Number of protein chains: 2
Amino acid sequence: MSRLVAQASGILRQCGGRMTTQRRLILGTLDEMGGHPTAEQIYRIVRAQDPSINPSTVYRTLGWLAEAGLVDARHLAPGRSSGRREQFDPSFPAEHHHFVCTGCGKVVEFASPHIERAKQEFSHTQGVTVERASLTLYGLCAACEIAKE
Amino acid sequence: MSRLVAQASGILRQCGGRMTTQRRLILGTLDEMGGHPTAEQIYRIVRAQDPSINPSTVYRTLGWLAEAGLVDARHLAPGRSSGRREQFDPSFPAEHHHFVCTGCGKVVEFASPHIERAKQEFSHTQGVTVERASLTLYGLCAACEIAKE
DNA sequence: TTTTCTGCAAATTCTTTGCATCTGT
DNA sequence: ACAGATGCAAAGAATTTGCAGAAAA
C-alpha cells in the first residue's frame, strides 16, 4: 500500500470518510508519478487503469487531499496564461521549495535553511504566527542558459 | 501622472504601442488602489469611471503589463478554490514577498535579505541562473490569533 | 441500511479571441 | 492614413455542482 493511501486511510477513518477504489487509484498514482502533476495529467493516468473514472472524482479527491494537507496546490508555471492550471504537490517528506526553469519548464525541489530564518524573523518582528512558507525561484537551468547563446 | 502611467508610456513608445484613455485609467487605478487586486476588482473600479470599458481591455492591459514586468501575476489566496483568481501586484519599488493571513485574508508585504541568500546559494550549488523569487508565508495575523481562542 | 461517494451532464467562473470599428500618432 | 487598440459577443478551458444510482461501513 502506498504511503498516501495509508495516510489518507487514517484521515478518512477519523472523519467518517470512505476509502474507495477510485481514491485508492488516485492516491497510488499521485505517489508513483511524483513531480507536480495537474489534475488533468492525473486523470489521464488513472483513466488508463479504470476508464469509467470521471474527472469530477479526481477534482473532488484532490480537493479534500489539499484540505487535509496531504498535497499542496501550487501554480508553478511561470508567467501569465500558463499559471492557470493548478499543480498538485504531495507535501512529503517536509516543506520544500521549487526552482522553475523559465526556458524548459523543468522544476527542481529543494530545501533551504534561509527560509526557516525568514519565517522566524518575520513572525518575531510582526507578532504573527507563520505556519508555512512557499518559495518559488524562477530562472534558467544550466542547459537553457547555454542554449540561449 | 501616476508612476505606472509614466513607466508604461516609456515602454509603449519604445515598442510602438499607444497610450489610450483606457490604459491610462487602468494604470492609474492600479497605482491608486494598491494591494493585490484581481482583474475583476480592477474592472469594477474602472467601470465606475468609464462605464463603456470592457473586461477584455482590462485583461489585455494586465497581460502586457505582466509581460513588460510592470506587474506580477500571483496566486496569493491560500488553499484550493480560492487560488483560482490571479491577483496583480505592481512590482515596485523592488522585489518583495507576502504574508497572507489564512484567517482574514490580509496580505502584508515585506522584504527579506534571507531570500537573497537563498537565491545565491541555490544558483551556486546548482549552477543555474536565478532571476526572481517569490515567497509567500501563510499563517495567522495577531488579531486572528487572538480571535481563535 | 445508512451515509458517503461516484458518474454524468449541465452549469459556473475566469479568461481569451475574432472581427468590425474606432483612435492615437 | 494606418497600425494598433477597443467593444462586443461568442468561444474556450478548467473546475464545480445537483442529482440519481452505486458502494463502503
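Below, chain A is the first sequence line, B the second, and so on; all start at residue 1. Because the structure is a prediction, the values reported are computed rather than measured. All heavy atoms count here, side chains included; hydrogens, waters and symmetry mates do not.
Put simply, Thr57(B) has a side-chain N or O that comes within less than 4.0 Å of OP1 or OP2 on dG7(D). Between Tyr59(B) and dT16(C) there is no side-chain N or O to OP1 or OP2 distance below 4.0 Å.
In this structure, Gln87(A) contributes its side chain and Leu76(A) its backbone to a donor-acceptor pair below 3.5 Å.
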Just list the side-chain donor-acceptor pairs under 3.5 Å for residues 98-106 of chain A, sequence neighbours left out, or say none.
residue, atom, partner, partner atom, Å
His98(A), NE2, His36(A), NE2, 2.9
His98(A), NE2, Asp89(A), OD2, 3.2
Thr102(A), OG1, Gly139(A), O, 3.2

Going by atom type alone, with no hydrogens or angles, which donor-acceptor pairs under 3.5 Å involve a side-chain atom of residues 15-28 of chain B and a protein atom two or more places apart or on another chain?
residue, atom, partner, partner atom, Å
Thr20(B), OG1, Arg23(B), N, 3.2
Arg23(B), NH1, Arg18(B), O, 3.0

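With sequence neighbours excluded, the residues that form a side-chain contact (heavy atoms from CB on, under 4.5 Å) with Glu116(A) are Lys119(A), Gln120(A). Applying the side-chain contact (heavy atoms from CB on, under 4.5 Å) test to Ser91(B) and every residue at least two apart in sequence or in another chain returns Asp72(B). Residues meeting the salt bridge (Lys or Arg N to Asp or Glu O under 4.0 Å) test with Arg3(B), sequence neighbours left out: Asp31(B). Residues satisfying the salt bridge (Lys or Arg N to Asp or Glu O under 4.0 Å) criterion with Arg44(B), sequence neighbours excluded, are Glu40(B). For Glu131(A), the salt bridge (Lys or Arg N to Asp or Glu O under 4.0 Å) criterion is met by no residue, not counting sequence neighbours.
Scanning residues 29-48 of chain B for heavy-atom distances under 4.0 Å to DNA chain D yields an empty list. Contact check of residues 1-24 of chain A against DNA chain C (heavy atom, cut-off under 4.0 Å) returns Gly16(A), Gly17(A), Arg18(A), Thr20(A), Gln22(A), Arg23(A).
Comparing the end axes of the helix from dT1(C)-dA25(D) to dT25(C)-dA1(D), each fitted to five base pairs by superposing C1' atoms of four pairs onto the next four, gives an inter-axis angle of 40° (nearest 10 degrees).
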Can you tabulate the close N/O pairs, meaning under 3.5 Å, that link protein atoms to atoms of nucleotides 8-10 of chain C?
residue, atom, partner, partner atom, Å
dA9(C), N6, Ser56(A), OG, 3.4

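Under a 4.5 Å side-chain heavy-atom criterion applied to ILVMFWY residues, the cluster that includes Leu140(A) comprises that residue alone.
dA14(D) atom P lies 15 Å from atom CG of Leu62(A), rounded to whole Å.
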